[in-house]
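These notes concern the structure reproduced below.
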Amino acid sequence: MSRYSAFALLRNWLGGNTDWDPVWRSPEPASSYDVIIIGAGGHGLATAYHLAKHYRPGRIAVIDKGWLGGGNTGRNTTIVRSDYFYKESADFYDHSLRLYASLSQELNFNIMYSARGILNLAHSRHEVDFQRRIVNAMQLNGIDAELLGREEVLKFCPVLNGDPNARFPIYGAMRQKRGGTVRHDAVAWGYARAADALGVDILQNTEVTGFRRDISGGVQGVETSKGFIGATKVGIATAGHSSVVAQMAGFRLPVASYGLQAFVSEPVKPVLHTVIGSAVIGSYCSQSDKGGIVCGGGIDPYPSFAQRGSAATMEKVLAGIVQLVPTFSSLRLLRQWAGIVDYTADSSPIIDRSPVPGIYLNVGWGGGGFKAIPAGGEAFAHLIAKDEPHPLTTAFGLQRFRDGALIDEAAAAGIEH
Amino acid sequence: MMRIACPNCGLRDEREYAYGGEAHLDRPELDCDDQAWEEYLFLRANPKGEHAERWVHVHGCGVWFNLIRHTETHEVVAVYVMGVARP
């Protein structure tokens, strides 16, 4: 892998930009690998990178039925943050945010981390009380959350609807300054390039159709659209399709899959320099570097594997955006899309061994997988290499559903993820 | 916009309805073991394909009913009343 640098830019410019190296190879599948990761999204690629860099378990492949980064990694609203309530979540997601902050250097690939801050608005006195409680909890967990009063909010972000007689008047907000945005495609491309350079085979357009298991039940490899590929360790990182892959291996998961939509407007001049959102209204948005207003909201209200999204939800989310910033009502949408996300009952992920020996799970991220990619990859690589959970993810196992030891973030912070 | 035929009111837009989870889950006896309780509470089929599920016509007649819906095409294959076995 040739390093990207100002010097490389200059050298290639002088050469007419004709001899840049391919960013990754497109190898044919080998007959077997030591580890196979299913799903070439952010988590799958980050896992392969950490495995190859720190654990060297032998030959590693990441296989995907489509192209790398073509699922939810390329379909989200690019927001990263760690404003979680419970200590287990705060420790894990804050580790992830800190890894994001230095990821451009780690991968030698500009992921455009922008710590522009995240503002969650409060629209009533009671919500202000609630935010005070969760901000206190976050600060005790070492997260840089803070409370802002109404005047501070409107001074910081004047584009917001400051009308005191608005349907949702602004009473204040909680903010995490280190939260912000990251260029989502760059995360997939950066991890893919770095993993490829360490010898990982990224097999695109290779669909897993089944598992082959030995007499004792352990995994022997995967059947794919390009034939059988052997491996005694297989990791599943397929987001919304986790239960589809689990069904091939013969077990069920405590997840349900939903469409989660995002929208981007036509580009306009810089008007919004932070991320704004409201749990009550159920919408949030930020402005991309290209100028588009990137909007998101709650999941569609019924299970779906269709990557298009419900029109009723679209109307609800966008009506909320216009409540937050009335001037956005004159914008036209450029694109709309939906990713399929797998939700657990407590909105927390599952990073654990599966019921089948040799098959490992990195699933159940719901709408919050993107922000967790660096730490998720690190933890999943540890789990696969050592066959025991990473210290940061011991609470995120399958056993918690049997024990009732849920980490119910959705109920705790009132924010969907 | 998905449209669903309520057994009472006929074909209406999805926004009149609310989804109520997977259908035909049998609640185990209260003295069951943790595994049976976990399966009842949390483990789901979540198929990419035909799914039996409960809906309520919340902004209509208010009646709960079952339907079979394809989770990829959103085609409603069958609508049937509560208490009837999956067709």
Side-chain angles (χ1 to χ4, degrees), chain A residues 65 207 209 238-248 250-259 298-316 319 338 340-348 350 354-355 363-364 397-406 408, chain B residues 1-6 11-28 30 32-60 64-79:
Chain A
K65 68 176 177 182
E207 182 171 4
T209 54
T238 54
H241 283 68
S242 59
S243 62
V244 175
V245 181
Q247 192 186 11
M248 294 175 195
F251 60 91
R252 289 191 297 167
L253 287 171
V255 301
S257 295
Y258 295 87
I299 52 172
D300 287 359
Y302 45 83
S304 175
F305 285 85
Q307 287 176 319
R308 57 177 186 269
S310 155
T313 302
M314 184 197 298
E315 191 176 16
K316 191 176 155 198
I340 305 305
V341 294
D342 54 337
Y343 266 89
T344 57
D346 61 358
S347 294
S348 288
I350 301 164
S354 83
V363 303
L398 269 179
Q399 184 68 27
R400 76 177 188 270
F401 297 98
R402 188 162 302 179
D403 295 343
L406 303 184
D408 202 345
Chain B
M1 181 75 67
M2 191 166 70
R3 308 199 80 199
I4 294 172
C6 168
L11 204 59
R12 302 291 182 89
D13 286 354
E14 69 176 61
R15 71 177 89 222
E16 291 190 16
Y17 299 88
Y19 170 72
E22 185 176 331
H24 310 300
L25 296 174
D26 291 326
R27 185 185 177 120
L30 286 177
C32 68
D33 61 15
D34 286 351
Q35 184 178 346
W37 194 241
E38 178 200 15
E39 287 182 11
Y40 168 67
L41 279 185
F42 298 119
L43 293 187
R44 294 293 179 261
N46 196 34
K48 185 177 187 173
E50 291 185 359
H51 188 218
E53 50 198 31
R54 311 190 308 165
W55 285 74
V56 57
H57 195 183
V58 63
H59 297 302
W64 282 89
F65 57 95
N66 291 328
L67 58 79
I68 294 177
R69 186 177 61 93
H70 196 290
T71 57
E72 198 177 9
T73 63
H74 293 182
E75 182 192 359
V76 177
V77 182
V79 178

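Note on naming: letters A, B, ... go to the chains in the order of the sequence lines (proteins, then strands), and numbering restarts at 1 for each one. Values reported hereafter were calculated over all heavy atoms of this structure, with side chains retained and with hydrogens, waters and symmetry mates removed.
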Given side chains that start at C-beta, do those of [X] and [Y] come closer than 4.5 Å, heavy atoms only?
| X | Y | result |
| --- | --- | --- |
| A:Thr344 | A:Arg400 | yes |
| B:Asn46 | A:Tyr343 | no |
| A:Thr238 | A:Val244 | no |
| B:His24 | B:Asn66 | yes |
| B:His74 | B:Glu14 | no |

Self-check item: Residue, of A:Ser242, A:Ser304, A:Pro303, that accumulates the most heavy atom pairs under 4.5 Å with chain B
Solution: A:Pro303

Quiz item: If you count heavy-atom pairs under 4.5 Å with chain B, which of A:Gly240, A:Ser243, A:Ala311, A:Pro301 comes out on top?
Solution: A:Ser243

Practice problem: Can you establish whether the number of heavy atoms outside A:Gln247 located under 6.0 Å from its atom CD is more than 12? | Solution: no

Self-check item: Separation of B:Glu50 CD from B:Thr73 OG1 (nearest 0.5 Å)
Solution: 8.5 Å

Practice problem: Give me the ring orientation class for B:His51 and B:Tyr19: parallel if the planes are under 30° apart, tilted from 30 to 60°, perpendicular past 60°. | Solution: tilted

Exercise. Using heavy atoms and a sub-4.5 Å threshold, report which of residues 250-259 of chain A line up against chain B, by residue number.
Key: A:Arg252, A:Leu253, A:Pro254, A:Val255, A:Ala256, A:Ser257, A:Tyr258

Self-check item: Segment of A:Leu406 engaging chain B (4.5 angstrom heavy-atom cut-off)
Solution: side chain

Quiz item: Using non-hydrogen atoms only, which part of A:Gln307 is less than 4.5 Å away from chain B: side chain, backbone, both, or neither?
Solution: neither

Quiz item: If you count heavy-atom pairs under 4.5 Å between each of B:Met1, B:Glu22, B:Arg15, B:Arg69 and chain A, which one has the most?
Solution: B:Arg69

